[in-house]
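Just below is one structure, and these are the notes that go with it.
When reading the values below, keep in mind they use all heavy atoms of this one structure, side chains included, and skip hydrogens, waters and symmetry mates. We name chains A, B, ... by the order of the sequence lines, and we start the count at 1 in each one.
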Amino acid sequence: MNKVVSGPVAALQGLKDGMTLMLGGFGLCGIPENCIAELVRMNIKGLTCISNNAGVDEFGLGLLLQKRQIRKMISSYVGENALFEQLMLSGELEVDLIPQGSLAERCRAGGAGIPAFFTPAGHGTEVAEGKEVRVFNGKPHILESALTADFAIVKAWKGDHFGNLIYKGTARNFNPMMAMAGKITVAEVEELVEPGELDPNFIHTPGIFVQRIFQGEKYEKRIEQRTVRKRD
Amino acid sequence: MIRGQETLNLKREPLNLYNPMALDKNGIAKRIAQELRDGYYVNLGIGIPTLVANYIPEGIEVEFQSENGILGMGPFPFEGEEDADLINAGKQTITARPGACYFDSATSFAMIRGQHVHLTVLGAMEVSERGDIANWKIPGKMVKGMGGAMDLVASAENIIVAMMHANKAGESKLLPECSLPITGVGCVKRIVTELAVLDITPEGFKLIERAPGVSVEEIKALTAGRLVIEGEIPEMRI
């Protein structure tokens with residue numbers, strides 16, 4: 001099964017205005033840079049984007065926000081993006097802020113055929129408004145529903161033409177769950193390797209979840225908070 | 001033994017203008033570090049909580065979890081050794097200690113919700129006398145999102161809040177009720193501020209310790225919620 005496509009143009013074929021996308025990454029760590037650049041170029045509008053963060057003003061999903069391509073964001077933390085805050089407070093951008101663990105689990109559930117689940121996170125807060133509450137083991141929990149997407153766009157370190165993926169460091173984050181939850185899952189990788197090169201013992205995302213894969217042309221990998229210590 | 005991010009290069013800044021005796025951020029972190037126990041897995045929030053890693057007591061071993069997907073977080077990297085694929089939940093570049101592991105966000109929150117993490121230290125804008133915490137939103141003004149805070153506070157057995165006793169306007173952050181949208185209900189166990197250590201009890205904020213040189217009267221004056229003072233209140237030993 002060869003899922004390799006030529007690049008982001010082919011990988012995002014069929015992506016249309018108004019669709020729901022999942023985009024992997026935590027901050028700028030592990031984001032699908034090449035596909036984001038292509039989304040900007042395609043100028044697709046009215047998107048619903050499910051992503052833990054919204055990039056920064058000049059990079060990541062911030063680029064789509066600049067061009068007002070996103071109608072709605074489903075995220076857990078958007079503090080790094082001033083434009084986001086401005087669009088949200090002015091009502092131009094619809095925003096659904098949800099607890100990070102619930103976001104991860106909702107994506108996982110979406111890919112795993114679990115329509116909804118109960119979690120203690122957010123009980124008694126704004127997040128719980130309108131949601132069913134049930135007590136388990138003496139503790140109230142709220143019902144959260146699964147999330148799926150028309151396209152899930154993830155970034156991995158290495159992949160093969162079967163779609164098997166391995167992530168590096170903390171760039172894994174939301175990518176594996178989102179890879180499971182896309183009707184079409186696109187994986188861009190730093191290195192596309194020959195079949196058999198990846199040790200089956202160390203695959204993070206089994207190829208069955210991935211429909212299209214390509215090697216990104218380049219990765220800028222911006223660092224948001226460069227923090228270092230002095231050598232003694 | 002893990003000494004965490006011992007070379008964090010942060011300025012010692014006296015934050016407290018009204019009382020020169022009060023602790024600075026590092027003092028708060030030092031006091032919280034005394035709550036660490038051998039074998040603890042600990043999640044440290046952004047800000048003052050991060051500094052706790054600098055003051056792990058002698059002879060105990062702890063592991064730091066960061067909810068973006070690492071267990072065994074080490075100190076910040078040396079200049080030139082930063083790795084864009086290796087960050088903490090505050091998006092800062094970090095290192096991994098020997099024996100560290102990486103995982104996805106669902107697994108990370110399984111550790112948190114499943115109560116495998118022993119201690120969570122986080123900052124707050126407000127705490128109520130019932131242990132409610134608000135730290136994610138100021139309606140109409142600041143909307144950053146809750147990140148992992150709601151999952152952490154809903155599940156952790158042991159939550160310590162590290163914060164200043166009052167906000168920049170000088171208003172108490174220890175209130176009868178939170179005025180801001182809350183992050184979690186009745187979840188905070190202990191609060192460490194520049195002035196005091198307080199526990200949440202059914203009667204309200206119970207004063208446990210005072211910062212060296214800080215009087216009970218000063219703490220009373222800056223605590224808006226019910227304050228329980230029983231007997232002689234000892235000074236913190238920092």
Side-chain angles (χ1 to χ4, degrees), chain A residues 26-30 52-53 75-80 84-85 88-89 95 97-105 107-109 119-127 139-141 157 167-177 204-205 219-232, chain B residues 5-9 66-70 75-96 102-110 112-113 132 134 136-137 140-155 181-187:
Chain A
F26 185 98
L28 300 179
C29 184
N52 187 54
N53 312 89
S75 304
S76 87
Y77 190 83
V78 293
E80 287 87 3
F84 185 101
E85 207 163 8
M88 176 176 175
L89 291 171
V95 179
L97 286 172
I98 52 183
Q100 197 173 123
S102 300
L103 179 60
E105 197 65 18
C107 295
R108 202 196 73 80
T119 175
H123 167 68
T125 75
E126 276 181 17
V127 163
K139 205 174 150 176
H141 293 72
W157 179 32
Y167 308 92
K168 183 164 165 265
T170 56
R172 193 181 321 181
N173 55 65
F174 282 82
N175 285 298
M177 285 81 62
H204 296 133
T205 291
Y219 285 94
E220 197 176 323
K221 290 199 187 182
R222 279 200 205 174
I223 292 175
E224 258 176 86
Q225 306 284 342
R226 189 177 298 275
T227 321
V228 296
R229 61 180 158 147
K230 292 237 159 64
R231 284 175 202 274
D232 295 331
Chain B
Q5 302 169 352
E6 55 192 313
T7 44
L8 264 180
N9 193 23
S66 197
E67 65 268 24
N68 59 312
I70 177 172
F76 296 135
F78 290 120
E79 199 164 354
E81 293 178 5
E82 310 93 299
D83 179 354
D85 292 326
L86 192 44
I87 63 169
N88 64 18
K91 283 97 179 175
Q92 295 172 306
T93 44
I94 52 159
T95 55
Y102 307 119
F103 36 85
D104 64 58
S105 303
T107 306
S108 179
F109 283 93
I112 289 164
R113 265 190 260 95
D132 299 347
W136 74 282
K137 184 179 184 184
K141 215 167 135 194
M142 187 226 57
V143 196
K144 293 189 185 304
M146 65 293 280
M150 282 193 183
D151 310 89
L152 281 158
V153 301
S155 313
I182 61 168
T183 310
V185 185
C187 49

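Heavy atoms closer than 4.5 Å to chain A are found in the backbone of B:T183, but not in its side chain. If you measure heavy-atom distances from B:E81 to chain A, the contacts under 4.5 Å come from the side chain alone. Residue A:N175 does not touch chain B at all, counting heavy-atom pairs closer than 4.5 Å. For B:I112, no part sits under 4.5 Å from any heavy atom of chain A, backbone or side chain. Contacts of A:L103 with chain B are absent, with no heavy-atom separation under 4.5 Å from either backbone or side chain. Heavy atoms of B:A89 lying under 4.5 Å from chain A belong to its backbone as well as its side chain.
The backbone N or O of A:N173 sits less than 3.5 Å from a side-chain atom of B:S105, completing a donor-acceptor pair. No donor-acceptor pair under 3.5 Å is formed between the side chain of A:R172 and the backbone N or O of B:G69.
Residues A:K221 and B:D85 form a side-chain contact, since some pair of their non-hydrogen atoms from C-beta on lies under 4.5 Å apart. Using a 4.5 Å cut-off on side-chain heavy atoms (C-beta onward), B:M146 and A:T125 make no contact. Using a 4.5 Å heavy-atom cutoff, the side chains of A:T119 and B:F109 are not in contact. Between A:Y77 and B:K91, some side-chain heavy-atom pair lies under the 4.5 Å cut-off.
Minimum interatomic distance between A:I223 and B:E82 (heavy atoms only, all atoms of both residues): CD1-CB, 4.0 Å. Taking both residues in full, the closest heavy atoms of A:K230 and B:F78 are given as O-CE2, 3.6 Å, listed atom of the first, atom of the second, then distance. Scanning all heavy atoms of the two residues, the minimum distance from B:V143 to A:V78 falls at O-CG2, 3.6 Å. Here the closest heavy-atom approach between residue B:A154 and residue A:A121 is recorded as CB-CA, 3.5 Å. Scanning both residues, B:F76 and A:R229, for their nearest heavy atoms gives O-NE, 2.5 Å. The two residues B:N68 and A:T170 have their closest heavy-atom pair at ND2-CB, 3.6 Å.
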- Task: Please test A:E126 against B:W136 for side chain to side chain contact (heavy atoms under 4.5 Å, CB included), starting from the C-alpha separation and ending with a verdict.
- Result: CA-CA 11 Å; A:E126 276 181 17; B:W136 74 282; 3.6 Å; yes
- Evaluate side chain to side chain contact (heavy atoms under 4.5 Å, CB included) for A:L97 paired with B:K137, printing each intermediate quantity in order. CA-CA 11 Å; A:L97 286 172; B:K137 184 179 184 184; over 6 Å; no
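Chosen from A:P176, A:P140, A:P120, the residue pairing most often with chain B at heavy-atom distances under 4.5 Å is A:P120. Contact count versus chain B (heavy atoms, under 4.5 Å) is highest, among A:S75, A:P99, A:G79, for A:P99. Contact count versus chain A (heavy atoms, under 4.5 Å) is highest, among B:P181, B:G147, B:G145, for B:G147. Top candidate by heavy-atom pairs under 4.5 Å with chain B, chosen from A:A171, A:G27, A:C29, is A:C29. For the options A:H141, A:M88, A:R108, A:M177, heavy-atom pairs under 4.5 Å to chain B are most numerous at A:M177. Chain B forms the most heavy-atom pairs under 4.5 Å with one residue out of A:E224, A:H123, A:R231, and that residue is A:R231.
A distance of 9.0 Å separates OG in B:S108 from CZ in A:F26, rounded to the nearest 0.5 Å.
Within a 6.0 Å sphere centred on CD of B:E79, heavy atoms belonging to other residues, nucleotides or ligands number 12 at most.
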